[in-house]
Amino acid sequence: MPDRSLSPTTPHDSAACLLCVAVSTPAHSGVGEPLSYASPRPLPPGTLVRVPLGAREVLGVVWDAPAEPAALPPGMVPRTVAGVLEGVAPLDAAWRRLVSFAARYYQRAVGEVALAALPPQLRDLTPEQLARRLRRPAPPAHPSEAVAKTIALTAEQASATAQIDTERGPFLLFGSTGSGKTEVYLHCVQRALAGHPAAQALVMVPEINLTPQLEARFRERFAPLYGEAAVVSMHSGMTPAQRLKSWLAAHTGAARIVLGTRMAVFASLPGLALVVVDEEHDASYKQQEGARYSARDLALWRGREQGAKVILGSATPSLESWHASTPASEGGPGRYLRLHMPSRIGSGDGAGTGELPRVRLVDMGQQPRSSGAGGVFSPPLLAAITERVQRGEQCLVLLNRRGFAPVLHCHDCSWKSDCPHCSAHQVFHKSDRTLRCHHCGFTQRVPRACPSCGNPDILPLGRGTEQLEEQLAALLRNVITPDRRAARVARIDADTTRAKGALEEQLAQVHSGEVDVLVGTQMVAKGHDFRRITLVAAVQPDGALFSSDFRAPERMFALLMQAAGRAGRDARYVAAQGSPPEMWIQTWHPDHAVYAALRRHDYPAFAARQLAERQEAGMPPFAYQALVRADARTQEAAQAFLQAASDAARAAGLPGLDQVFLFPPVPLAIQRVANVERAQMLLESPQRGALQRFLAAWQPLLHAERPRHRGLVRWLVDVDPQAI
Ligand code: ADP
Ligand code: ZN
Ligand code: ZN
């Protein structure tokens, strides 16, 4: 593929300087390094420029010249930089190092990573528009400590913040849900910003829908000190204009605090002094397309490079972080400093309030086979929900499956609502009478009769949140709340929150008390500070116990602990009501070790057991993994590409190969999506460095292999994959 920054026609200007410029080249062009351009004057690395690329003009970043510049092909001269984004200071060396590292580590092109990290609108602005955007908002006239709200820290919070103050970190803040972790973040951010007039803090959360609540808390605390403009958000739900505004504020230093999702890890923050990764275990810190980076891991790398302290926080840390924070005195690597906050705010006041919810397991094997119209609800759970609602308290019912039923089924001929394009069922959505594939989006009207045998009696099989909502509303039909209204059931999941602002509106109804029982997916289990929920129930969580993914138990434990953390968050409310919070779990396997640990809120016991199993099996965090995935017209073609790449690596005797184990290619669990067959190959090594050396050397062979495989649609590398 020709380097399209070169031109055979432009006359060579002997006065011109030669620059390296990172531009976004197409993913499979095989061009991994910045391209060469001519410029009439020297430009420092980090300068934002507009350059010609093929027939287009694109945004680029002047990059550091390599030690040995690549020789230009004979007869070719570089094309000339088209313009400079005047007024925007060059991106600093720390940012460029972060991008270079991420590109290298995750096996992508520098330009792709760099340009994906910049707000797209930067490219489209005229110099006048840019100048207008760059006008700095005036800082508050009299920033004053006096107006800032402060809270007296608990002993556990004080001890954690003291250690963060004096030690280098990185820190793993292992604090129960409701132990006041956010308050610790606020305190540490305040200390960091007070330390230097240009200091900045980056605070990351896993989900967009958690940012508004967090932003409100940070704004309340810091706007009086540093002005409204000092706190900005960064996430994919923002408009291009908002993203640009936040980005410029961070880049110019006008923003002192950036709150965001994983993408915020790439924000330009010249004064970065502190990074917080809240709910660090959450899988959504891993990007799932393009450069498949882990924002948590990059945050740790960035903090070390830029001399910023890093705090990872969780009630259920990832096993990677838990292991890394196991002290040397306990035989661990002790790379992170673990700070423990076991108590909930408000506990220990003698009233038995502020405690973590009691976990109640319902043995479904002991329940009547068909609980009448209840179906999924066991009689004791239904009674407990009824009782709470009658006392005016709220309940949260979780099921991690949206839609009405995961499949429609014909009893006569055993037809099932399979997606014609995927190896998956189409989900039955009752509200609009559709069958929808959750993998490719293919949607059809529900047929009147079985398409295969004409039987008019096709039935839903299994349950989703939509059905749960309907059933629960029927079951609670005659239940009256203390203010004499009928019980109200509401549902929050990806289907009810598609419209902009819908989630906020629905959450507001829960907060205001209009809703008595909230049915939802994991979306509502995480992070939200519900004040009047006293009972949380997981009605069918067993599936994850038998998943083929070795991380499934870890994820399930985290989700159920998080969900439990939504109950009884307001100690005073719980005390006034006199009803201790509860977490109900309906299970066919009440003796399972995961549930036993959950019952005691004993994450350390759960983690110790899991880590022992992982060590025994040589799995992360005791080994490092990468996946190579191939998508093709046929499964054979996908696997053939992977096999050939594997053979080529062996034939070439690539470095690191002696320490990297290449597993044979296998189909993905959901083998076909949107008529594309998918296969993957796992690579494993006890040495991170060996795996990295191998992958770097392998990349050109993968590119070379590609054209030999007809029917191959794409391939990609996923380093430190989250799901196997
Ligand atoms: P976490 O982030 O660990 O779930 P939060 O920081 O949200 O916990 O704290 C839970 C609740 O306790 C919040 O309502 C918070 O305002 C309150 N809180 C936190 N720290 C204190 C404190 N030191 N004194 C009084 N209330 C506190
Ligand atoms: Zn049929
Ligand atoms: Zn499909």
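Residues: numbered from 1 along the sequence shown. Both counts, for ligands and for their atoms, begin at 1 and track the order of listing.
- A salt bridge links Glu320 with Arg551: at least one charged nitrogen is closer than 4.0 Å to a carboxylate oxygen.
- Proximity to Glu183 (heavy-atom distance under 4.0 Å) selects the following atoms of ligand 1: 6 (O), 19 (C), 20 (N).
- Ring geometry for Phe428 against Phe404 counts as perpendicular: the plane angle is over 60°, on a 0 to 90° scale with 30° as the lower cut.
- Close contacts of ligand 1 with Arg569, meaning ligand atoms under 4.0 Å from a residue heavy atom, involve 4 (O), 7 (O).
- Protein heavy atom closest to atom 2 (O) of ligand 1, with residue, atom name and distance, is Thr182 OG1, 2.7 Å.
- The side chain to side chain contact (heavy atoms under 4.5 Å, CB included) with Met204 is formed by just one residue from the set Asp282, Leu312, Thr261, Val277; it is Val277.
- Of the N or O atoms in Ile345, none lie within a sub-3.5 Å distance of an N or O in ligand 1.
- Contact annotation: the side chain of Leu172 never approaches that of Leu337 to less than 4.5 Å [non-hydrogen atoms, C-beta and beyond].
- We find that Asp570 and Arg531 are joined by a salt bridge, their nearest charged nitrogen and carboxylate oxygen being less than 4.0 Å apart.
- Geometry note: the Zn ion (ligand 2) is the vertex, Cys413 SG and Cys453 SG are the arms, and the angle is 110° (rounded to 10 degrees).
- Residues Asp718 and Arg292 are paired through a salt bridge, judged by an N-O separation under 4.0 Å between the basic side chain and the carboxylate.
- Atom 3 (O) of ligand 1 has Lys181 N, 2.8 Å as its closest protein atom, hydrogens excluded (heavy atom only).
- Taking a distance limit of 4.0 Å, we find that atom 27 (C) of ligand 1 is approached by some protein heavy atom.
- For the residue pair Arg262 and Gln287, a side-chain donor N or O sits within less than 3.5 Å of a side-chain acceptor on the partner.
- The residues Asp278 and Lys181 are annotated as not salt-bridged, no charged nitrogen and carboxylate oxygen being separated by less than 4.0 angstrom.
- In this structure, Ser176 counts as a contact residue of ligand 1, since one of its heavy atoms falls inside 4.0 Å of the ligand.
- Atoms of the protein (N, O or S only) found under 2.8 Å from the Zn ion (ligand 3) are Cys419 SG, Cys422 SG, Cys437 SG, Cys440 SG.
- Between the side chain of Glu156 and the backbone N or O of Gly175, no donor-acceptor pair lies under 3.5 Å.
- In this structure, the protein non-hydrogen atom closest to atom 5 (P) of ligand 1 is Gly180 CA, 3.6 Å.
- Among protein heavy atoms, atom 22 (C) of ligand 1 sits closest to Ile151 CG2, 3.3 Å.
- Residue, atom and distance of the protein heavy atom nearest to atom 4 (O) of ligand 1 are Gly178 N, 2.8 Å.
- Using a 30° and 60° split on the angle between ring planes, Tyr226 and Phe222 fall in the parallel class, below 30°.
- Protein heavy atom nearest atom 20 (N) of ligand 1, with residue, atom name and distance: Gln157 NE2, 3.0 Å.
- Taking backbone and side chain together, Cys450 holds an N, O or S atom under 2.8 Å from the Zn ion (ligand 2).
- Look at Glu228 and Arg219 and you find a salt bridge, because one of the NZ, NE, NH1 or NH2 atoms lies within 4.0 Å of a carboxylate O, short of that distance.
- Electrostatic pairing of Glu582 and Arg360 counts as a salt bridge here, judged by a charged N lying under 4.0 Å from a carboxylate O.
- Near Thr154, meaning under 4.0 Å from one of its heavy atoms, ligand 1 places the atoms 23 (N).
- Salt-bridge formation is not detected for the pair Asp631/Arg672: no Lys NZ or Arg NE/NH1/NH2 atom is positioned less than 4.0 Å from an Asp or Glu carboxylate oxygen.
- Residue Arg531 places a heavy atom under 4.0 Å from ligand 1.
- Using 4.0 Å as the threshold, Met341 has no heavy atom nearer than that to any atom of ligand 1.
- Under a cutoff of 6.0 Å and an axis angle of 45°, Arg338 and Trp322 form a cation-pi pair.
- Of the N or O atoms in Ala152, one or more lie within a sub-3.5 Å distance of an N or O in ligand 1.
- Of the protein's non-hydrogen atoms, the one nearest atom 16 (O) of ligand 1 is Arg217 NH2, 3.8 Å.
- Contact check on Arg555 versus Asp549 returns a salt bridge, with a Lys/Arg side-chain nitrogen under 4.0 Å from an Asp/Glu carboxylate oxygen.
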